[in-house]
Amino acid sequence: MGSSEESSGVGNGGASAVSDEEAFGQSRSRAFDLGVRLEETVANIFEKMGYSVQRRVRPATRTGATAEIDILLTRGKRRLAVECKNYDESRAVGVSELRNFMNKLQDTGIMSGVFVTTSVFSSEAEQFAESAGIELWDGEKLLEKFYAFAIGRIVNPSLLHDLVLPVAYNFESASAVGIRNPHRVELFSRVLFYHPYFIIKYRLRMVRKDPSGRMHKLGDEGSVIVDALAREIINRESGWGVVSGLFKGKEERLESKEDKLVAQDLLQIDARKESVLKTSDYDVKVAEPALSDNEAAKMVRSYVIRKNTKSISYEPKVRDDSLLGMLDKPSIKVMPRPGEVEIRGVKMVYVPKWDLQFESGNTTFQRRILASSGRVIVDTLANCRKCALLHRTTIAVCDTCGVPLCEKHAYSEGERWVCEEHASEAAKEAGRERGLFGRFLNK
Ligand SMILES: [Zn+2]
Ligand SMILES: [Zn+2]
């Protein structure tokens with residue numbers, strides 16, 4: 001994908017200034033109008049996931065201060081607190097909100113938490129949540145959960161006749177727990193989620209004449225991928241629209257790791273018509289697209305127009321040669337007309353994703369893997385939660401609280417593996433010696 005420009009002295013045409021009237025996508029909040037019902041919707045999703053749900057709970061606290069939990073989830077002995085923030089899309093949840101939530105968790109003795117927002121999280125907030133083991137749902141994730149678990153929008157898998165990326169990474173591989181005490185980890189939610197995307201091919205050809213009479217041929221072609229649930233383009237070229245400062249997209253979605261991996265799979269793996277089989281190992285959920293082929297194509301046309309709206313400079317006709325080189329090059333602004341963007345094909349393809357939830361002690365883990373390639377989008381079991389920055393590979397979970405631990409942070413006590421907090425003095429001492437010995441050997 002890329003733009004090209006060449007000049008030639010022939011032909012006819014004229015600089016155009018077409019106003020960009022087309023609706024440019026739909027904002028997430030409009031596509032998914034939660035309004036004040038956020039808490040209710042989230043509670044509903046968790047109920048579908050098998051939790052018992054209580055709202056606006058004031059549990060006893062260690063300090064005696066009042067703490068209100070938006071949604072309290074229980075499953076067996078496990079308790080999970082959910083915080084909901086219904087923010088405007090432009091307002092990101094910051095690290096201070098996460099800290100407050102963490103304090104609430106500690107104060108109430110509820111070990112696990114999920115922070116849900118209709119907007120996004122700042123990168124500091126994401127970092128904090130990762131080390132604190134708090135699960136985050138941003139607007140996009142929420143939308144997906146909504147489609148996966150709420151009523152109504154799920155298609156019966158046997159009715160799926162669309163193109164899909166074949167499942168090349170099976171359930172056994174996706175659900176494998178490669179640690180020393182795998183029996184401590186229970187898989188409690190297993191979903192193969194079919195997420196619809198549009199792949200739209202386009203080609204732009206345009207010719208413009210600058211005031212000196214020279215012709216400029218501009219061309220661009222490629223494939224754009226639209227998330228059919230979030231109604232957003234996931235593989236935008238960064239930097240587009242910078243030249244035309246007027247059009248800095250405020251709705252521009254920051255490319256996530258998930259977007260990047262999905263786009264790669266969609267562009268590299270051939271989609272097929274494949275029947276989706278129900279099995280007893282996991283649930284199959286197929287989400288219905290939230291926009292039509294035509295709406296998706298319109299979105300892409302708008303994007304291509306904006307992406308190719310730019311200034312092009314030209315050599316002025318100067319009568320007095322002595323002035324040449326002393327003047328800034330003049331430029332004209334060009335903008336493609338909608339008719340110049342040719343949509344060369346729209347196809348909807350389902351991307352299968354393993355969406356697994358594990359639990360161990362008081363801790364929940366989330367794992368999300370592209371079933372088409374086996375590439376991991378998120379896996380909160382994979383890395384040690386006691387490592388502040390390094391996130392070393394998990395070798396065991398604590399037999400008492402369930403946190404994932406690396407070689408350095410896992411203490412063995414006979415058959416058991418425990419974290420520092422739950423280790424006996426003897427085990428800690430042995431661990432320290434092992435550490436010293438290790439450091440000695442490494443030097
Ligand atoms: Zn560690
Ligand atoms: Zn522990």
Side-chain angles (χ1 to χ4, degrees), residues 49-52 59-60 62 73-81 102-103 105-114 128-135 171-190 281-282 354 356-369 376 378-443:
M49 287 167 77
Y51 288 97
S52 345
R62 284 172 191 167
L73 306 173
T74 38
R75 240 178 63 92
K77 284 184 207 153
R78 273 173 47 74
R79 289 197 305 165
L80 222 101
M102 186 68 191
N103 291 341
L105 291 179
Q106 285 171 342
D107 207 18
T108 53
I110 300 171
M111 297 295 290
S112 297
V114 183
F128 179 86
E130 199 176 338
S131 56
I134 294 172
E135 189 177 327
F171 174 69
E172 283 66 36
S173 312
S175 59
V177 177
I179 59 171
R180 309 270 169 90
N181 55 352
H183 58 282
R184 302 299 304 180
V185 177
E186 188 209 341
L187 179 59
F188 76 90
S189 173
R190 33 186 102 195
D281 286 339
Y282 49 85
W354 291 111
L356 310 176
Q357 310 260 354
F358 299 88
E359 65 185 23
S360 170
N362 289 316
T363 311
T364 39
F365 309 104
Q366 185 208 1
R367 185 182 283 174
R368 205 169 167 72
I369 297 180
V376 177
V378 69
D379 184 359
T380 56
L381 176 56
N383 300 105
C384 177
R385 214 167 268 184
K386 300 281 177 183
C387 279
L389 289 167
L390 279 169
H391 298 303
R392 296 183 188 89
T393 306
T394 301
I395 64 143
V397 291
C398 173
D399 270 38
T400 303
C401 67
V403 299
L405 302 162
C406 69
E407 195 92 46
K408 189 178 160 233
H409 290 111
Y411 296 85
S412 75
E413 280 186 343
E415 299 286 283
R416 286 164 49 87
W417 290 90
V418 280
C419 68
E420 185 166 13
E421 199 184 325
H422 297 113
S424 67
E425 280 311 313
K428 274 193 251 186
E429 191 53 43
R432 270 194 287 273
E433 270 166 30
R434 197 185 55 202
L436 276 174
F437 192 50
R439 274 200 290 281
F440 178 71
L441 280 182
N442 287 338
K443 286 200 170 163

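Because the structure is a prediction, the values reported are computed rather than measured.
- Nearest heavy-atom pair, Leu356 versus Ala174, reported as atom, atom and distance to 0.1 Å: CD1-O, 3.4 Å.
- Looking only at side-chain heavy atoms (C-beta outward), Trp417 and Arg184 stay at 4.5 Å or farther from each other.
- Of the charged side-chain nitrogens involved, none lies within less than 4.0 Å of a carboxylate oxygen, so that Asp107 and Arg62 do not count as a salt-bridged pair.
- Residues Cys419 and Tyr411 approach most closely at C-CD1, 3.9 Å, considering heavy atoms.
- For CD of Glu172, the number of neighbouring non-hydrogen atoms (other residues, nucleotides, ligands) closer than 6.0 Å is greater than 12.
- Between Cys387 and Cys406, the shortest heavy-atom contact is SG-SG, 3.7 Å.
- Classification of the Phe188-Tyr51 ring pair by plane angle, with boundaries at 30° and 60°, yields perpendicular.
- With a 4.5 Å cut-off on side-chain heavy atoms, Val114 and Thr364 do not count as touching.
- Within the model, atoms CZ of Arg190 and CZ of Arg367 stand 12.0 Å from one another, a figure rounded to the nearest 0.5 Å.
- How far CG of Asp399 is from NE2 of His183: 6.0 Å, rounded to the nearest 0.5 Å.
- Minimum interatomic distance between Ala427 and Glu413 (heavy atoms only, all atoms of both residues): CB-OE2, 3.3 Å.
- Here the CG-CD1 distance, from Leu405 to Ile395, works out to 7.5 Å after rounding to the nearest 0.5 Å.
- Within the 4.5 Å cutoff, the side chain of Val397 has no heavy atoms near those of the Thr363 side chain.
- Taking both residues in full, the closest heavy atoms of His422 and Cys398 are given as ND1-SG, 3.7 Å, listed atom of the first, atom of the second, then distance.
- Counting only heavy atoms from C-beta outward, the side chains of Lys408 and Lys386 never approach each other to under 4.5 Å.
- No donor-acceptor pair under 3.5 Å is formed between the side chain of Thr400 and the backbone N or O of Gly361.
- Here the options are Leu187, Asp281, Ile369, the test is side-chain contact (heavy atoms from CB on, under 4.5 Å), and the partner is Ser175; only Leu187 passes.
- Every residue meeting the side chain to side chain contact (heavy atoms under 4.5 Å, CB included) condition with Val177, not counting sequence neighbours, appears here in chain and number order: Ile179, Pro182, Val185, Phe358, Leu381.
- Note that CD of Glu186 is 5.5 Å distant from CZ of Arg75, once rounded to the nearest 0.5 Å.
- With Thr74 contributing its side chain and Arg79 its backbone, the two residues share no donor-acceptor pair below 3.5 Å.
- Ring geometry for Tyr282 against Trp354 counts as perpendicular: the plane angle is over 60°, on a 0 to 90° scale with 30° as the lower cut.
- Annotation for Arg385 and Glu130: closest pair CG-O, 4.1 Å, computed over non-hydrogen atoms.
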